[in-house]
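Residues: numbered from 1 along the sequence shown.
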Amino acid sequence: MDASLRVTLLLGSAPDVMRCASWPKQAFAAIVAINNAWRVRSDWDILVHAGDFPADRMPRPDPARRIFSAADYVPAQNSFGGFVYAGGTMSMTAAYWTVRSQRPDVLAFLGCDMIYDHAGDTHFYGTGRADPLRGDITLQSLEAKSARLLIHALRRGTLCANLSALPRSRLIFPKLSFEEVRELTPSRLAAMRAELRACIDTEAVDAAEAMEHEFGYFYDDGMYWNHLDEIDGAKLARIDRLWLAAVDGLVAPPLEECNAAE
């Protein structure tokens, strides 16, 4: 990989995350772990954890590593429109924080597919709480939330990619293997970003953002659950449909086919 590229690895807690245990650290500018995922590798750089993450699951203090929670990620999420629109689950929250604070060229997701209906363990450490499946009005469509993130990240020059080897994912990002990430060059990355932008329906994006502004579901403290009586789930579903429509051209056919059709 070209040394000038900043690839940040974002680790969730799905069992598939253990595939990265042998990947060389020098392949990444930084490794960001979400909640329990700091246990996957001993050389992680940053931990982003939920405000209610149990104290007994925290790593030991280490001056070489940084830990961030709600005081840090709430302002980051707010800068992208707030939790109601960005989605109140840590995969989205940590990703928006990373895009804003680390400004990577590539944000590579692993263990963040949010698929819980398979047999066996739900997390690398066994069975855990399926956070995105809770009764949360902001999470009616995880695919739509990932589409929104993909587009917002692209605006800041960050390509979101999924390194998962699973056959299904709630993330609509392009899939890359670790080997493909290692072989990325600035020219190839520029081409990938251009291919993605060519497939995005900008009219749908404009309509989604206009609707977000119109509805005004923004809460500066991030505690949207205190305002559920104000939030109309049907309106959020309309916005979700627009974000999905915005990426319809890149979700179905492979990226190369979509680009050729333009």
Side-chain angles (χ1 to χ4, degrees), residues 7-23 27-28 31-37 39-41 87 89-95 98 106-134 136 139-151 153-154 158-184 188-189 191-193 195-196 199-200 240-241 243-261:
V7 178
T8 296
L9 180 63
L10 183 66
L11 301 179
S13 292
D16 187 53
V17 74
M18 297 308 297
R19 292 174 42 242
C20 78
S22 62
W23 294 350
F28 306 102
I31 297 177
V32 179
I34 304 171
N35 289 340
N36 292 289
R39 294 157 52 188
V40 173
R41 297 180 57 125
T89 189
M90 284 304 297
S91 292
M92 297 295 109
T93 298
T98 303
V106 179
L107 183 56
F109 290 68
L110 185 65
C112 299
D113 295 294
M114 296 176 283
I115 299 293
Y116 299 101
D117 61 354
H118 55 78
D121 293 338
T122 60
H123 296 66
F124 73 88
Y125 51 82
T127 300
R129 184 179 68 177
D131 181 69
L133 299 185
R134 67 180 186 234
D136 191 319
L139 301 175
Q140 297 180 71
S141 172
L142 291 164
E143 291 81 1
K145 297 308 182 189
S146 70
R148 184 184 189 276
L149 170 62
L150 173 71
I151 292 167
L154 270 176
T158 295
L159 172 70
C160 291
N162 191 1
L163 274 57
S164 170
L166 300 181
R168 297 166 56 212
S169 178
R170 309 301 294 275
L171 303 177
I172 57 83
F173 311 145
K175 273 200 169 184
L176 295 177
S177 67
F178 172 63
E179 290 71 25
E180 288 172 321
V181 170
R182 295 195 75 180
E183 294 170 2
L184 271 179
R188 175 56 186 147
L189 178 58
M192 291 178 69
R193 288 193 292 228
E195 289 167 4
L196 279 172
C199 292
I200 291 170
D240 283 346
R241 287 193 290 272
W243 285 116
L244 288 173
V247 299
D248 184 62
L250 64 91
V251 173
L255 201 56
E256 292 78 9
E257 292 181 21
C258 176
N259 190 48

SG (C20) and CD1 (I31) are apart, to the nearest 0.5 Å, by 6.5 Å

Sequence neighbours excluded, the answer for side chain to side chain contact (heavy atoms under 4.5 Å, CB included) partners of R19 is D16, W23, L110, A165

Value for OG (S164) from CG (L176), rounded to nearest 0.5 Å, stands at 12.0 Å

> Checking K175 side chain against L166 main chain: does a donor-acceptor pair fall under 3.5 Å?
Replying inline: yes

Please answer whether the main-chain N or O of C112 pairs with a side-chain N or O of S91 as donor and acceptor at a distance below 3.5 Å.
-> no

Rounded to the nearest 0.5 angstrom, the OG1-CG distance for T93 and L149 is 10.0 Å

Exercise for review: Kindly say whether E180 contributes a backbone atom to a donor-acceptor pair with the side chain of S177 at under 3.5 angstrom?
Suggested key: yes

The side chain to side chain contact (heavy atoms under 4.5 Å, CB included) partners of A153 (sequence neighbours excluded) come to V99, T158, C160

Problem set entry | 4.5 Å side-chain heavy-atom contact, M92 and L171 | yes

S169 meets the side chain to side chain donor-acceptor pair (under 3.5 Å) criterion, sequence neighbours left out, with D113, N162

Distance col, row R39:CZ vs L11:CG, nearest 0.5 angstrom, shows 13.5 Å

Sorted by chain and number, sequence neighbours left out, side chain to side chain contact (heavy atoms under 4.5 Å, CB included) with Q140 holds for I137, L236, A237, D240

L154 and L196, any side-chain heavy atoms less than 4.5 Å apart: yes

dist S141:OG -> L244:CG (nearest 0.5 Å) comes out at 4.5 Å

Mind running salt bridge (charged side-chain N to carboxylate O under 4.0 Å, His left out) on E195 and R188 for me, showing each step along the way?
-> CA-CA 10 Å; E195 289 167 4; R188 175 56 186 147; 3.6 Å; yes

With side chains defined as the heavy atoms from C-beta onward, is the minimum distance between L163 and F109 less than 4.5 Å?
-> no

Discussion item. Does any part of the side chain of L159, heavy atoms only, come nearer than 4.5 Å to the side chain of L107, both counted from C-beta?
Written reply: no

| task | Show the numbers, then the answer: is there a side chain to side chain contact (heavy atoms under 4.5 Å, CB included) between L184 and V106? | result | CA-CA 10 Å; L184 271 179; V106 179; 3.9 Å; yes

Output for pair (R41 CZ, F28 CZ), nearest 0.5 Å, gives 7.0 Å

Quiz item: Quick one: are C199 and V247 in side-chain contact, heavy atoms under 4.5 Å?
Solution: no

